[in-house]
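Written below as structure tokens is the structure these notes are about.
Ligands are counted one by one from 1 in listed order, and the atoms in each one are counted from 1 as well.
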Amino acid sequence: MKIAIYPGTFDPVTNGHLDILQRAASVFGEVYIAVAHNLHKNPLFTIDERIEMVKRCTSQYSNVKIDQFDGLAVEYARQVSASVIIRGLRAISDFDYEFQMALMNRHMNDNIDTVFFMPHEDYTYLSSSTVREIVRFGGDVSEFVPEYVKNELIRKLRSKS
Ligand code: COA
């Protein structure tokens with residue numbers, strides 16, 4: 001059984017991430033969503049809040065586990081016996097960064113491969129920061145995030161304003 005990790009900051013998780021997850025979960029025996037602490041990105045949501053949102057949006061999958069990590073993704077993958085890192089490629093602009101990260105990760109651990117999935121074209125321009133920005137300025141993100149995440153964004157951004 002192939003074990004994969006899907007690392008990211010998930011600040012917050014979006015329908016684009018969930019689209020990638022759905023594809024990955026149908027290919028790999030087990031997928032760990034690895035929520036990165038990533039404090040240098042100064043996340044809007046705490047690690048616990050990000051994990052809770054991911055949990056609520058992925059409860060339908062029996063082969064998906066949610067976890068957190070700090071440090072190198074390859075090291076986390078090794079700890080959970082994963083041989084694959086899942087990444088999403090939304091557009092050609094993602095490629096340079098992803099290519100560099102995939103090769104560096106392979107250089108650090110040649111037993112771990114990066115596998116890319118492309119999300120549905122509806123999510124090509126989606127990112128967590130655009131969703132945060134839309135909510136901050138009072139826009140509707142219903143088509144981009146699950147209901148629970150939308151409500152958490154409104155709660156968080158209203159309490160900040
Ligand atoms: N749908 C919607 N948005 C997506 C997406 C998708 N399918 N895929 C990526 N994104 C968005 C994310 O929401 C994020 O948006 P934001 O920057 O506006 O918040 C942006 O694209 C970048 O996401 P991603 O590329 O997944 O980066 P990340 O910052 O969330 O996570 C890590 C990057 C944590 C996976 C990576 O830095 C890492 O592995 N860190 C650990 C240290 C390490 O091992 N580094 C590698 C050494 S070479």
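The hydrophobic clustering, which links ILVMFWY residues whose side-chain heavy atoms are closer than 4.5 Å, places V115 and I3 apart.
Only the side chain of K41 comes within 4.0 Å of ligand 1, counting heavy atoms alone; its backbone N, CA, C and O stay farther away. Under 4.0 angstrom from ligand 1, the non-hydrogen atoms of M104 all belong to its side chain. For S127, heavy-atom contacts with ligand 1 shorter than 4.0 Å involve the backbone as well as the side chain. When non-hydrogen atoms are compared, ligand 1 lies under 4.0 Å from the side chain of T14 (C-beta onward) but not from its backbone. With a 4.0 Å heavy-atom cut-off, ligand 1 is reached by the side chain of R132 but not by its N, CA, C or O. Contacts of N38 with ligand 1, taken as heavy-atom pairs under 4.0 Å, involve the side chain alone. Contacts between I20 and ligand 1 below 4.0 angstrom, taking non-hydrogen atoms only, involve the side chain exclusively.
Between H40 and N42, the side chains place no donor N or O within less than 3.5 Å of an acceptor N or O (distance only, hydrogens not considered). If you check the side chains of S142 and D140, you find a donor sitting under 3.5 Å from an acceptor.
No N or O atom of T130 sits closer than 3.5 Å to an N or O atom of ligand 1. Considering backbone and side-chain atoms alike, R90 places an N or O below 3.5 Å from some N or O of ligand 1. In terms of polar-atom proximity, defined here as any N/O pair under 3.5 Å, N105 makes no such contact with ligand 1.
Of all protein heavy atoms, the one lying nearest to atom 3 (N) of ligand 1 is L126 O, 3.2 Å. Of all protein heavy atoms, the one closest to atom 15 (O) of ligand 1 is S128 N, 3.5 Å. At the shortest separation from atom 12 (C) of ligand 1 among protein heavy atoms lies H17 NE2, 3.6 Å. Summary of contacts: the protein heavy atom closest to atom 18 (O) of ligand 1 is S129 OG, 2.3 Å. Closest to atom 25 (O) of ligand 1 among all protein heavy atoms lies R87 NH2, 2.5 Å. Of all protein heavy atoms, the one lying nearest to atom 36 (C) of ligand 1 is M101 SD, 4.0 Å. Among protein heavy atoms, atom 44 (O) of ligand 1 sits closest to A73 N, 2.9 Å. Of the protein's non-hydrogen atoms, L72 CD2, 4.4 Å is the one closest to atom 45 (N) of ligand 1.
Using a 4.5 Å heavy-atom cutoff, the side chains of H120 and Q22 are not in contact. Side-chain contact check for L44 versus L153: some heavy-atom pair is nearer than 4.5 Å. Side-chain contact between I86 and R23 is absent, with no heavy atoms from C-beta onward closer than 4.5 Å. The shortest side-chain heavy-atom distance between E147 and R56 does not fall under the 4.5 Å cut-off.
Between I5 and the options V84, V74, V80, a side chain to side chain contact (heavy atoms under 4.5 Å, CB included) holds for only V80.
Distances below 4.0 Å separate heavy atoms of A36 from the following atoms of ligand 1: 34 (C). Using a 4.0 Å cut-off to heavy atoms of E98, the atoms of ligand 1 that qualify are 25 (O). Of all atoms in ligand 1, listed by their number and element, those nearer than 4.0 Å to a heavy atom of T9 are 28 (P), 29 (O), 30 (O), 31 (O). Set against the non-hydrogen atoms of G71, the atoms of ligand 1 under 4.0 Å away are 41 (C), 42 (C).
Atom 40 (N) of ligand 1 has its nearest heavy-atom neighbour, among F117, F69, Y97, in F69.
Of the charged side-chain nitrogens involved, none lies within less than 4.0 Å of a carboxylate oxygen, so that E52 and K55 do not count as a salt-bridged pair.
Every pair passing ring pair (Phe, Tyr, Trp, His ring centres under 6.0 Å) that includes a residue from residues 4-35 is listed here, sequence neighbours excluded: Y6-F10, F10-H17. Pairs engaging residues 121-157 under the ring pair (Phe, Tyr, Trp, His ring centres under 6.0 Å) rule: none recorded [sequence neighbours left out].
The shell of residues lying under 4.0 angstrom from ligand 1, judged by heavy atoms, excludes G88.
Counting non-hydrogen atoms of other residues, nucleotides and ligands closer than 6.0 Å to CZ of R106 gives a total of 12 or fewer.
Looking at D11, its side chain does come within 3.5 Å of a backbone N or O of F45 through a donor-acceptor pair.
Scanning all heavy atoms of the two residues, the minimum distance from S127 to T130 falls at O-OG1, 2.8 Å.
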